[in-house]
Amino acid sequence: MTDAIVTVCIHFLRYPDFMQCLLFFPHSLDFSKEHKPCKECLCSAPPPKISDLMNDEDLLYTLRLKLDPTHCTVKNWKNFASRWGMSYDELTLLEQRTHGPTYHSPTQEFLLRYNQKPVTELTELCQLYQRIDVLRLLQRWMENDWPSRWQQAH
């Protein structure tokens, strides 16, 4: 396989809408020249997954600051994880790992477990639990940072 065909295959596997974009811009299938499909066909960035969000250390740090703390009146990582199906035992284990010499962020652990979910599902949880601060943070990231990060990577 040529590099160009491999590139198309990789894009198709990660972003199925990529092939639809190629249908509208068939010139990007000309493999005789350097192949840069995403920039040539002007595809918009696909919806980000949580794994994409976790590659942004500043965003992840801020999410941990907002969702790690335990307050009796504020919904945190535990509510989100429970809503997505983590059992009581799993929640307890994650909570225990926050104490002691090897601190692990429960927010980061929960996001890592569900890293293939779209970020939009996380924003829906923010709305459900009225975490407008986290919702705005995620919306800003999806509108401003994610498209440029995706373009740089592709």
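Computed over heavy atoms, backbone and side chain alike; hydrogens, waters and symmetry mates excluded.
A salt bridge links Arg149 to Asp56: one of the charged nitrogens lies within less than 4.0 Å of a carboxylate oxygen.
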Practice item. Might you work through the side chain to side chain contact (heavy atoms under 4.5 Å, CB included) test for Asp52 and Trp141, ending with a clear yes or no? Key: CA-CA 11 Å; Asp52 299 312; Trp141 180 81; 4.3 Å; yes

Point to revise | Evaluation steps, side chain to side chain contact (heavy atoms under 4.5 Å, CB included), between Arg131 and Asn79 | key: CA-CA 11 Å; Arg131 287 302 306 263; Asn79 301 96; over 6 Å; no

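Closest of all the heavy-atom pairs between Glu143 and Pro147 is O-CG, 3.6 Å. Across all non-hydrogen atoms, the minimal contact from Trp146 to Pro46 is NE1-O, 2.7 Å. Heavy-atom minimum distance, Ala81 versus Tyr114: O-OH, 4.3 Å.
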Please table the atom pairs, donor to acceptor, closer than 3.5 Å between any side-chain atom in residues 116-126 and protein atoms at least two apart or in another chain.
from	atom 1	to	atom 2	distance (Å)
Lys117	NZ	Glu121	OE1	3.1
Thr123	OG1	Thr120	O	2.5

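The line from CG of Asn115 to CE of Met54 is 7.0 Å long, rounded to the nearest 0.5 Å. Between Met86 atom CE and Leu91 atom CG the span is 6.0 Å, to the nearest 0.5 Å. Here the CD1-CG distance, from Ile132 to Leu137, works out to 12.5 Å after rounding to the nearest 0.5 Å.
Aromatic ring centres of Trp77 and Phe110 lie farther apart than the 6.0 Å criterion allows.
In the hydrophobic clustering of ILVMFWY residues, with side-chain heavy atoms under 4.5 Å counting as a link, Leu111 and Leu135 come out apart. Side-chain heavy atoms closer than 4.5 Å link hydrophobic residues (I, L, V, M, F, W, Y) into clusters, and following such links, even through other members, never connects Tyr129 to Val74. Neither Leu53 nor Tyr61 shares a network with the other; the hydrophobic side chains, linked directly or stepwise wherever heavy atoms of I, L, V, M, F, W or Y lie under 4.5 Å apart, form separate groups for each. Connection of Leu128 to Ile50 is established within a shared hydrophobic cluster, with ILVMFWY side chains joined at heavy-atom distances below 4.5 Å, either directly or through further cluster members.
Judged as a salt bridge (charged side-chain N to carboxylate O under 4.0 Å, His left out), and not counting sequence neighbours, Lys75 has no contacts.
The side-chain heavy atoms of Leu59 and Asp145, taken from C-beta on, include no pair separated by under 4.5 Å.
Remark: side-chain polar atoms of Asp68 are not paired, donor with acceptor, to backbone N or O of Leu65 under 3.5 angstrom. Under a 3.5 Å cut-off, the side chain of Ser82 and the backbone N or O of Lys78 do not form any donor-acceptor pair.
Around atom CD of Gln139, more than 12 heavy atoms belonging to other residues, nucleotides or ligands sit under 6.0 Å away.
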